[in-house]
Amino acid sequence: MASSMGGMFPGQQPPGAHPVGGPGGPGQPGFPGTATRPQGNNTLVDELEASFEACFASLVSQDYVNGTDQEEIRTGVDQCIQKFLDVARQTECFFLQKRLQLSVQKPEQVVKEDVSELRNELQRKEMLVQKHLSKLHHWQQVLEDVSVQHRKPSDLPPPGPLAFLEQASASLPPAPLKPN
């Protein structure tokens with residue numbers, strides 16, 4: 001991946017300013033998975049990749065797994081991670097500088113990108129609103145179905161204070177008439 005991007009970052013810091021490899025530099029015996037890279041044409045992407053490989057190698061290295069000095073292991077891993085973070089910051093800075101150059105040289109391109117991002121965000125939010133509306137309609141229908149089911153069995157007027165007595169008396173047979 002990095003080899004296809006070679007020469008992509010002209011004008012960066014000299015390669016000697018950022019040693020490649022683990023805490024001890026390239027080819028440190030503690031990092032068997034780290035390949036030594038030529039120091040001549042390193043780009044920020046190459047350095048980022050190498051520092052990531054060094055971090056990964058420090059975590060899986062047999063020397064660290066079998067090592068007993070936890071403080072030495074922690075220091076080595078911390079150095080690798082710090083190196084990776086430093087190179088990541090430099091890479092981010094490079095891309096921010098390129099973005100700034102683009103905004104100065106072609107402001108209309110930045111506006112087009114912003115408009116495109118806003119359209120995408122609006123479309124995403126519209127889809128979210130539609131999703132919530134469909135859920136709302138579904139639950140309104142469920143609520144309506146439940147309320148209709150509860151009304152059907154009773155079909156009686158709303159209960160008043162004597163509703164129970166009225167209901168009980170309605171189910172009794174008519175009283176026999178008394179002969180005079």
- [ ] Enter the distance from Phe84:CZ to Glu53:CD here, rounded to the nearest 0.5 Å.
- [x] 11.0 Å
- [ ] Considering non-hydrogen atoms only, spot the tightest contact between Glu47 and Val87 and give its length.
- [x] C-CG1, 3.8 Å
- [ ] Start with the C-alpha distance between Arg119 and Leu122, add both sets of side-chain angles, then the distance that settles side-chain contact (heavy atoms from CB on, under 4.5 Å), and finish with yes or no.
- [x] CA-CA 5 Å; Arg119 282 186 180 144; Leu122 187 62; 5.6 Å; no
Task: Hydrophobic cluster identity match, Leu85 and Val77, side-chain contacts under 4.5 Å - done: yes
Task: Side chains of Thr91 and Phe95 in contact at under 4.5 Å (non-hydrogen atoms) - done: yes
Task: Spacing of Ser51 atom OG and Gln79 atom CD [to the nearest 0.5 Å] - done: 13.5 Å
TODO: Compute whether any side-chain donor of one residue and acceptor of the other, for Asp78 and Gln82, lie under 3.5 angstrom apart.
DONE: no
Open item on the list: Please report the interatomic distance CD(Gln105) to NZ(Lys98), rounded to the nearest 0.5 Å.
Closed with: 8.5 Å
Open item on the list: Taking the side chain as everything from C-beta on, heavy atoms only, tell me whether Cys93 gets closer than 4.5 Å to Gln97.
Closed with: yes
Open item on the list: With heavy-atom distances below 4.5 Å as the criterion, would you say the side chains of Gln141 and His138 are in contact?
Closed with: no
Task: Point-to-point distance, once rounded to the nearest 0.5 Å, from OG1 of Thr43 to CZ of Phe94 - done: 9.0 Å
Task: Closest non-hydrogen atom pair between Cys80 and Ala54, with its separation - done: SG-O, 3.8 Å
Open item on the list: Minimum heavy-atom separation for Leu102 and Gln109, please, with both atom names.
Closed with: CD2-CG, 4.4 Å
TODO: Look up atom CD in Glu121 and atom CG in Asp114, then write down how far apart they are to the nearest 0.5 Å.
DONE: 11.5 Å
Task: Salt-bridge contact Arg89-Asp86 (side-chain N to carboxylate O under 4.0 Å) - done: yes
Open item on the list: Is it the case that atom CD in Glu108 sees more than 12 heavy atoms from other parts of the structure closer than 6.0 Å?
Closed with: yes
Open item on the list: To the closest 0.5 Å, what do you measure between CD (Gln140) and CG (Asp145)?
Closed with: 12.0 Å
Open item on the list: Salt bridge or not between Lys106 and Glu113? Use side-chain N to carboxylate O under 4.0 Å.
Closed with: no
